[in-house]
Amino acid sequence: MNEQQKVGPTVLGKLVLIVFVLALVAGAAYYFRDLLAPGERAQGTVDIDEFRKVEAPDTKGVTTVNEYNYVPAEKLPPVKGVSSYSWDAGEKVVQFPINVWIGWLPIVAANHGFAPNDESVFAKKHGFKVNLRLIDDPVVARDAFAAGESHILWGTLDMMVLFTPELMKDSRTAPRIYQQVDWSSGGDGIVVRGNIHSVKDLKGKTIVYAQNSPSQYFINNLLLNAGVQPSTVTHKYTATAFEAAAAFVADKKIDACVSWAPDIYNIPEKVAGTRILTTTAEANKLIADVWAARADFAKDHPEIIEGLVAGIFEGMDLLKDDTLRAQAYQWMGEGYGMPADEVEAMAADAHSTNFAENKGFFLNANDPANFERTWKNITFVYRELGLIDTPHRFDEVMDFSAMKKLDAAGTFAHQKDEYRAQFAPTTYRKVSAESPILTQTIRINFYPNSANIFEPQHDASGQPIKNTLYDPSVSATLEKVARLVGQYERAIIAVVGHTDSSMKGKGTRYEDVKALSTDRAEAVKRALVQKYKFDENKFTVEGMAWDQPADPDDPTNQALNRRVEISVYPPEAQ
Amino acid sequence: MSPSADSRHSAPTRPEPGTERNGGAWLQIREPLPTWMYWALGVVPIAVLLLAWFAVTAGPIPEERLISPTILPSPMEVVRSFPSLWFDRALTRNLAISFSRVLAGFVAALAVAFPLGLFMGSFSKIKAAFTPLTVFGAYLPIPALVPLTMSLFGTGEAQKVAFLGLAFAIYLVPLFVAAVDGVDDTYLKTAYTLGASRWQAVSKVLLPISWPDLYQAMRLGFGIGWSYILLAEMVDVGRGLGGIIITSQRRGPREHIYLVLLVIVVVAFLTDKLWVALGRRLFPYREATR
C-alpha cells in the first residue's frame, strides 16, 4: 500500500487543517458561550428600600384588633376532580407525618402516642384516629402528601411558601393551613466566629446553612433587615442543618452557620472562638410551625379538620399536668426512638401556640407577626433571592374557618396568650453597652423642625394641607419596622434619632438639635406602640443630634444623615 | 458504526450452539443478531416505558390524570422545561462540574484501587490482609460517611472527590482482584519455566493478561459515580446535577428532576460508548477471540 501515489495534504497540512477547524469550533463555542453554557440566573441586587416598603400605606391609621371579615372559601382555590387520597371510611385514620421536633408534643399527648388508638382525644371526642408517623425528610413528607399517602403535611411557614407553587398545580394537593402548632423559640440559631458581633459584620463573609429550610429564611431575613445585600455574602449550602453545623466545625474558612438545637448550643461550648449571634429565643416570632391538609381531604372531611385543630389545643391543656407531660415525653421518645430525657431536653426549642395565640396569628389583621405578615415577609425574601417566581397569596393557603368556629363556640376561651415578653423600663445607655444583633436604618422625611411623623404637607404660606402626608410612605416604613420588631418579640429595641448637621456652627443650640432628634425617635416609638400594641418598655429611645454621621467618610451627606436607626438588642441587655 | 463491541451479535463466524437442538425456537441461546434487530429490540422497552409515561400523565386537567403532576409531570411538560433548566439553572455548567467531579473521583480511586487490586490478586498475603476491609466496605452504607469526609476534607471540591473516590474504590477493588485472579495458572507456570522473576511474573504475565478484564471492571465501575452524585453534592449544594435535583425537590419545578435524570442517562450512554470504542482500540485481540 505504501507504493501508492499519495494524494492529498501532507502530515503538516493535516495538522494545520485540524488546528484550524478546532480554532473555528472553539471560536464559535466562545461566541455562543451564553447560549451553550449559560450561567445560573444571577441573583439580582435587592432593593433594600423596596424591602422596607412592601405595602401600600394603611390609611386606617390607629386601630386595635382588626379581624379579617372575608369568607376563606371565597379566596381559597376551589378543589376540582375526584379526591385522590387513601382513605378507609370504616377505620378513619388520618395519616399525619411529623418530624423530630418538640412542637409536636401536644398532638402526641392528645393522640396517646404515635399509633392510632381508641384512647386518644381524637377517637374519644371527635370520632376518628390519627397515625403520627416520623418522616423527618421534608421532601419525603411532601411526596407522601402529594401522592395521597398522607393527608397532612408538616412544615414551617417558609417551607410552605416554597412547596405551595408546585403543590397548587393540582387543586387537590393544594395545601390548606388551619393551625399554628408552635413558634420556634430557641430551636434555630446562628453561630459565628468571634470576629462577628452584629449581622452587618457578615458582609463579605462565608456562611453555611441548609438551603430551602428555615435556616435560609432566618439568615437572609436578618441580612436584608440589616441592610446587607445577600449577594455580598458567600452562601454555602448543605442539604440539612446538621451538615451545616458539621461543615462550620470542620471548615475554619466558614465564618457562620445557621443550624438547630442542640448543635447551636454545643458548638460554642466545644469549639473555641465561636459564639451564638442570635437564636429564635430572641427572634421568637419568626419561624412558625404549622400543618397543612390536602385540599380535597379538607373539603371532604371538614369535621376531621376541626377535630384535629381542637384535639391539638386539648393536648396543650393536657400538658399542663406534670404527670401527663412526663407520659407525653415517654410516648414521643418511643415514637422517635430516643430516650424520654432527650426529648425533654428539647422542651425549650419551641413554644406551643394555644388558641389565643392562634387567634392572633390567624384572625388579627393588626398583629405584627400574624400569618399574613409572616407569609408576605417570607415571600418577599424568597422572591428577592430568586427562589420563587410566582408567589401565592396568603389567603390562598390560610383557612381560618376552623379557628373562627372554635372562637364562636368558646371552647378554648380559657387559653390566654402566654407568649408575651415582660419588659422592665431601661435606658439606652445600659442597653447599648452590648453590640446589637442588628441595626436597621430607616428614613422618614420629617418636616423641618417637626417631630410629627404624620405631619401633613404645607402650602406656600406654611399652612398645613388636610389629608396629605409630608412623607407619604411613612406607614409602609413603620410596617417594615413593625415586622422586624414583631419577629424579635422578646428583644429590646433601641430607637435612635439622628439629625443632619446643616445648621452646625450657625448659631443653633446643640440642646435643641438633640431634643429634636430625641423627639423624632420618640415619635417613631409612639406610632409603633399605638398601631401594633407593643409593650412600651420594649423600646428605649435616644437622640444623637448630629454626632454620628451615617457615613463617616462622607459626613456632610445630609440626606443620609437624617435618619432613625432601629437596633435589636438581646433581651439580656435590659 | 456497530453498536457494541462486547456483545456477541457481531461475531458471525462463531458456530451457533443450540441451533440443531432447538430448531426454530424464537429464543436461541447465544444466537447472533443482525445489527438492526439488536437496535430494534433495545428500543422497544424504552418506547413502551415512554408510552406508559404518556398514558399515566395524559390530559390537560391535572385533576383528571392518572398520576398527578405534583408527583410526575408529563413528558411534554418535562421537555418544555428544558430551556429553563438550560438557561436559568445552567445545565451545561453544572453538567461539566458533576462530570469533572466523577472523573476526578474515578482517577483518585484508580490511584489506590488499581495497585491494591493488582497486588491483592498477585500476592496471597496482601490479599489476606485486605480482604476483610474490602468485604466490610462492600456492605457499608456509604452515605453515612458523608460527615466523615467533610471533617477530613472540608466542604469544597476535595470532599466531593474524596467521597466519590471512596465509593469508586470500594466497588473497584474486588473487581480488580477477580480480574487478576482470573489469569490461568498455566501462564504463570510457563513464565516461571522460562525463568521469570517475581516482578516479571506480575508485570509481564498477570498484568498484561488481565488488562482487558481490568478495563472491563473500570467500564462497569464508572457508572457508580453517577449513582452517588446526589450524596456527594449534598454538601455545598447548588452546583452540579445533584444540586439541581436537591433544589428542585424542595422548590420545584418538578420537571427538572426528571430532566436531569434523562440527561444523566444520555451522558451514561455516551460515556459507555466511549469506553467501548477505546476498549476496541486497546484490545483488538479480545474482540477477535470471541
Side-chain angles (χ1 to χ4, degrees), chain A residues 33-41 79-84 137-140 142-143 145-148 159 161-174 206 208 210-213 235-240 242-244 246-254 296 382 386-389, chain B residues 59 61-73 77 83-97 143 146-156 158-159 230-239 242-257:
Chain A
R33 63 192 183 282
D34 287 339
L35 194 66
L36 290 171
E40 229 150 303
R41 190 169 46 173
V79 183
K80 287 175 277 191
V82 186
S83 300
S84 68
D137 184 338
V139 172
V140 179
R142 177 251 176 239
D143 290 349
F145 179 83
M159 285 163 56
V161 168
L162 291 183
F163 279 145
T164 296
E166 281 289 312
L167 288 174
M168 281 222 184
K169 282 185 181 170
D170 185 328
S171 66
R172 298 167 300 178
T173 59
T206 302
V208 65
Q211 204 183 12
N212 308 314
S213 77
H235 303 250
K236 281 196 160 222
Y237 304 123
T238 56
T240 72
F242 304 113
E243 282 156 7
F248 175 72
V249 171
D251 194 341
K252 296 276 176 292
K253 290 195 290 275
I254 298 174
D296 54 0
Y382 279 172
L387 302 197
I388 42 174
D389 290 326
Chain B
I61 301 163
E63 289 82 6
E64 287 174 5
R65 293 184 187 178
L66 281 176
I67 295 183
S68 164
T70 58
I71 297 287
L72 181 68
E77 285 166 344
S84 79
L85 180 66
W86 185 279
F87 291 105
D88 295 346
R89 293 223 167 129
L91 175 66
T92 30
R93 288 184 191 200
N94 285 309
L95 175 62
I97 288 168
V146 169
L148 182 67
T149 57
M150 211 156 66
S151 60
L152 290 174
F153 301 98
T155 53
Q159 182 265 338
L230 216 66
L231 287 169
E233 292 179 344
M234 255 167 70
V235 188
D236 196 6
V237 186
R239 300 195 313 138
I244 294 184
I245 293 185
I246 292 171
T247 304
S248 304
Q249 283 176 333
R250 285 301 281 266
R251 57 170 197 249
R254 213 105 192 119
E255 287 85 348
H256 283 183
I257 302 171

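Residue numbering restarts at 1 for every chain, and letters A, B, ... go by the order of the sequence lines. What you see is a predicted model, and the numbers here were worked out from it, not measured in a lab. All values below were derived from every heavy atom in this structure, side-chain atoms included, with hydrogens, water molecules and symmetry-related copies excluded.
- By number of non-hydrogen pairs under 4.5 angstrom with chain B, the leading residue of A/I388, A/N212, A/L162 is A/N212.
- Inter-residue side-chain proximity for B/R250 and A/F163 is flagged as met; some heavy-atom pair is nearer than 4.5 Å.
- When each of A/G81, A/S84, A/G148, A/P138 is scored by its heavy-atom pairs under 4.5 Å with chain B, the top score falls to A/P138.
- Remark: A/K252 NZ is packed, more than 12 non-hydrogen atoms of other residues, nucleotides or ligands lying under 6.0 Å away.
- No option in B/P253, B/P69, B/P73, B/S248 other than B/P253 meets the side chain to side chain contact (heavy atoms under 4.5 Å, CB included) test with A/E166.
- Heavy-atom minimum distance, B/S68 versus A/D170: OG-OD2, 2.8 Å.
- Contact record, A/L35 with B/F87: CD1-CZ, 3.6 Å, taken as the closest heavy-atom pair.
- Considering only heavy atoms from C-beta on, A/R142 comes within 4.5 Å of B/T70 through its side chain.
- In terms of non-hydrogen atom pairs under 4.5 Å with chain B, the most contact-rich of A/R172, A/M168, A/M159 is A/R172.
- Nearest heavy-atom pair across B/E63 and A/K80 is CG-O, 3.2 Å.
- For a residue to count as touching a neighbouring chain, one of its non-hydrogen atoms must lie under 4.5 Å from one of that chain's; by this rule B/E255 touches chain A with the side chain only.
- Taking every heavy atom of both residues into account, A/A146 and B/I71 meet most closely at CB-CD1, 3.5 Å.
- Taking OG1 from B/T247 and OH from A/Y237, the interatomic distance works out to 9.0 Å, rounded to the nearest 0.5 Å.
- Rounding to the nearest 0.5 Å places CD of B/Q249 at 7.5 Å from CG of A/D137.
- Chosen from A/S171, A/A246, A/A250, the residue pairing most often with chain B at heavy-atom distances under 4.5 Å is A/S171.
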